[in-house]
Structure formats: structure tokens, C-alpha cells
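Presented below is the structure to which this report refers.
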Amino acid sequence: MPLKDILAALVVIVVWGANFVVIKVGVDEIPPMLLGALRFLFVAFPAVFFIPRPAVHWRYVVGYGATICLGQFIFLFLAIYLGMPAGLASLVLQAQAFFTVAIAALVLREAVRPHHVLGIGLAAAGLALLDLGAGSETVVPLAGFLLTLAAAFSWASGNVVLKCAGSVRMLSMVVWGALLPPIPFLLLSFFFEGPDRIVDSLTHLSWRGVGAVAYLSGVATLIGYVLWGRLLARHPVARVAPLSLLIPVVGLLCADWFLGERLGLWQWLGGFVVLIGLAVNLFGAGLLRTLRPS
């Protein structure tokens, strides 16, 4: 991989890893559903006037917007708002890799390999260990944990939508898919957060809130997905995908440094087991081929 692509990969890892700390700052300043509306409003506009529509059927654009943009971030923003630690959210969200395998097997009839089953089993054990850390300084609320898993499921569903769509320009898909979430987010904000809170949040918006919206829309979404899409276009998926294992590492470190989230022994152990499960899911096929007698 050329140096410029290695640097691009590092940028994505840091940007997406730090994203969870920014979400925490954002939901402390802005109600979560309103934050979601603002995020995707600024992803879509004004870019939609300059970026061509994706060259795929509308159902794939709507499916992408409904799953990866709307569903994922309804659950993730609400989870962090309800107390899910930002660092652990970055880790639990990677369960999307296993949900993707399961959904693809059911919808696309893709085969589930032994290393997939082993990886899912290890990750499930790791997630169970996270719950044993409830007595540590950083508490994992059950509602936040389950909502983060729901966010991972939404992301995985979007992955299958993208696979069904075939070759697509990711920047176009991100921008046009972002047209769908703002109105549902605003409706949810109106009914559950209330018009008074919406007005109060917008009229008393601090620079921290402005910075969070700018980061989430411009840096994490547009820059992150464009760079990641280019990496996937230039290199085999098997070479690029494992880099995502570093995202929760950055997320956990950033949450420790900037938010003071201190994890207990069981939480660190659980996180480590989840990462092993992710690694088995990604590298298991190659490892089995290496170990199989010739």
C-alpha cells in the first residue's frame, strides 16, 4: 500500500475513533434527535446541488439512508445520551461485522464459514464480559448497550444494501442518502424532545455544539467515507477491512484521555476478546488455509 494510502487509512482510523467522543460532547450540548437532524442536514446541503445522484436504483439510496444514516445514528446517539460510554460504544458497534455475515447469509444466501461462527462466539463472550464490569468506574447501562447493538444491526443492514447495489460512488451515496434522515430526526425531536427544547438548544448553541455538528457532518461523514471508499476502490477488501479493528482502539484511548472513562479489568478483558473475535472473522479463512495440510 503506497504511503499516501497508509496516511489516508490512519486519518480515517483517527477520525472515526475520535468520532465517539465528539458524539458524547454533541449529545451533552444538543438533544440526540436534533443532533442527528443537524448532522445529516449539513451532510446533504449544499453538497447535493453539486454531487451527482448515485447511478443506482432509488431503493438502494433510500435503503442506505434508512439504515446506515437514520437507523444507526438514532440508536447510537440515544445510547450515548443514555450513558453508554463512548469508548465502549466504538467497540460494541463493531458487532456490525457479525450481523453483516448473518444478514448476508439469510438474505443473499451467502455461506457462513466455521471461522465466522468461531468469531461470533468469541465476540459474544467478550460482550458478556463487558457486563461483568458493571462495578467499575465506567458503568455500562443495559439500555445503552442494547441500543448500540441495534445501531450495529442497522449498520450491518446498510452493508447488505450496499452489496446489493453493486458498484457505486460512495460520496454520491453518502450525500444523497443523507437527504432521508433530517425530517424523521426532526419529527422524533419534536415529539420526544419538544419544541421548547429544540428552540432553546438552537438559540443557546455553544461553540462546542457547533464544533460537534461540523465534525460529525464534515469530517466523520464526508471526509471519512470518501477516504475509506477510495481505499476500498484501490485495494483488496481483505487488505483494507482489517484496519477497522484499530477504530475501537482509538475510540477507547480518546474516551480515556478526553472524557476520563476508566475501564475495569473485566471491561478491558471483554474488549480484548471482542477484538480477537473480530480478527478471527476477518483473518480466519486465511488462517485455516495455512493450517490445513496440503
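Keep in mind that the numbers below use all heavy atoms, side chains included, and drop hydrogens, waters and symmetry copies.
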Should Val14 and Leu252 be regarded as members of a common hydrophobic cluster, given that ILVMFWY residues are connected when their side-chain heavy atoms come within less than 4.5 Å of each other, either directly or indirectly? no

Indicate yes or no: at least one non-hydrogen side-chain atom of Cys69 is less than 4.5 angstrom from one of Tyr64. yes

Exam field: side chain Tyr60 to backbone Lys163, donor-acceptor pair closer than 3.5 Å: no

Phe99, CZ: over 12 other non-hydrogen atoms inside 6.0 angstrom: yes

Please tell me if the side chains of Leu222 and Leu171 come closer than 4.5 Å, counting only heavy atoms from C-beta onward. yes

Taking all non-hydrogen atoms of both residues into account, name the closest pair between Val56 and Met173 and its distance. CG2-CE, 4.0 Å

Between Val210 and Val27, is there a shared hydrophobic cluster once you connect ILVMFWY residues whose side-chain heavy atoms come closer than 4.5 Å? yes

CG of Leu147 to CD1 of Ile80, rounded to nearest 0.5 Å, is 10.5 Å

With rounding to the nearest 0.5 Å, note down the distance linking CG in Asp28 to CD1 in Ile23. 12.0 Å

Are Val199 and Ile30 connected in a single hydrophobic cluster, I mean Ile/Leu/Val/Met/Phe/Trp/Tyr linked by side-chain heavy atoms less than 4.5 Å apart? no

Between Ile198 and Pro31, is there a side-chain heavy-atom distance shorter than 4.5 Å? no

Only residue of Val161, Leu162, Val174 satisfying side chain to side chain contact (heavy atoms under 4.5 Å, CB included) with Ile68 is Leu162

Validation row: Val226, Met170 side chains within 4.5 angstrom (heavy atoms): no

Might you work through the side chain to side chain contact (heavy atoms under 4.5 Å, CB included) test for Met84 and Val92, ending with a clear yes or no? CA-CA 10 Å; Met84 182 67 183; Val92 175; 3.9 Å; yes

Does the Trp16 side chain pair with the main chain of Ala220, one donor and one acceptor, at a distance under 3.5 Å? yes

Is it the case that atom OH in Tyr215 sees more than 12 heavy atoms from other parts of the structure closer than 6.0 Å? yes

Can you name the one residue among Leu122, Leu246, Val249 that meets side chain to side chain contact (heavy atoms under 4.5 Å, CB included) with Leu275? Val249

Could you tell me the separation between the CZ atom of Phe192 and the CG atom of Leu78, rounded to the nearest 0.5 Å? 10.0 Å

Measuring from Leu10:CG to Leu227:CG, what's the distance to the nearest 0.5 Å? 11.0 Å

Looking at side-chain heavy atoms only, is the closest gap between Leu70 and Phe40 below 4.5 Å? no

Going from OG on Ser154 to CZ on Phe75, what distance comes out if it is rounded to the nearest 0.5 angstrom? 5.0 Å

Hey, quick one: are Leu82 and Leu188 part of the same hydrophobic cluster, counting side-chain heavy atoms closer than 4.5 Å, chains of contacts allowed? yes

Is the distance between the ring centroids of Phe73 and Phe185 less than 6.0 Å? no

Distance, nearest 0.5 Å, that separates CG of Leu38 from CG of Leu205: 7.5 Å

Could you tell me whether the side chains of Arg53 and Ser172 share a donor-acceptor contact shorter than 3.5 Å? no

Please report the closest heavy-atom contact between Pro141 and Gly83, naming both atoms and the distance. CD-O, 3.4 Å

Backbone of Ala152 reached by a side-chain donor or acceptor of Gln72 within 3.5 Å: no

Please state whether the rings of Trp58 and Trp176 are parallel, tilted or perpendicular, taking 30° and 60° as the class boundaries. perpendicular

Examine distances only and state if a side-chain atom of Arg39 and a backbone atom of Leu216 form a donor-acceptor pair shorter than 3.5 Å. yes

Between the side chain of Thr203 and the main-chain N/O of Asp200, is any donor-acceptor distance below 3.5 Å? yes

If you group Ile, Leu, Val, Met, Phe, Trp and Tyr by side-chain heavy-atom gaps below 4.5 Å, do Val25 and Leu34 land in one group? no

Going through the checks in order, is the side chain to side chain contact (heavy atoms under 4.5 Å, CB included) test met by Val250 and Phe20? CA-CA 10 Å; Val250 174; Phe20 295 87; over 6 Å; no

Write down the atom of Ala79, the atom of Thr148, and the distance for their closest heavy-atom approach. CB-OG1, 3.5 Å

Do Glu29 and Ser206 have side-chain N/O donor and acceptor atoms under 3.5 Å apart? yes

So with a 6.0 Å cut-off around CG of Leu106, is the heavy-atom count from everything else above 12? yes

Heavy-atom check, side chain of Pro184 versus side chain of Ser189, under 4.5 Å: no

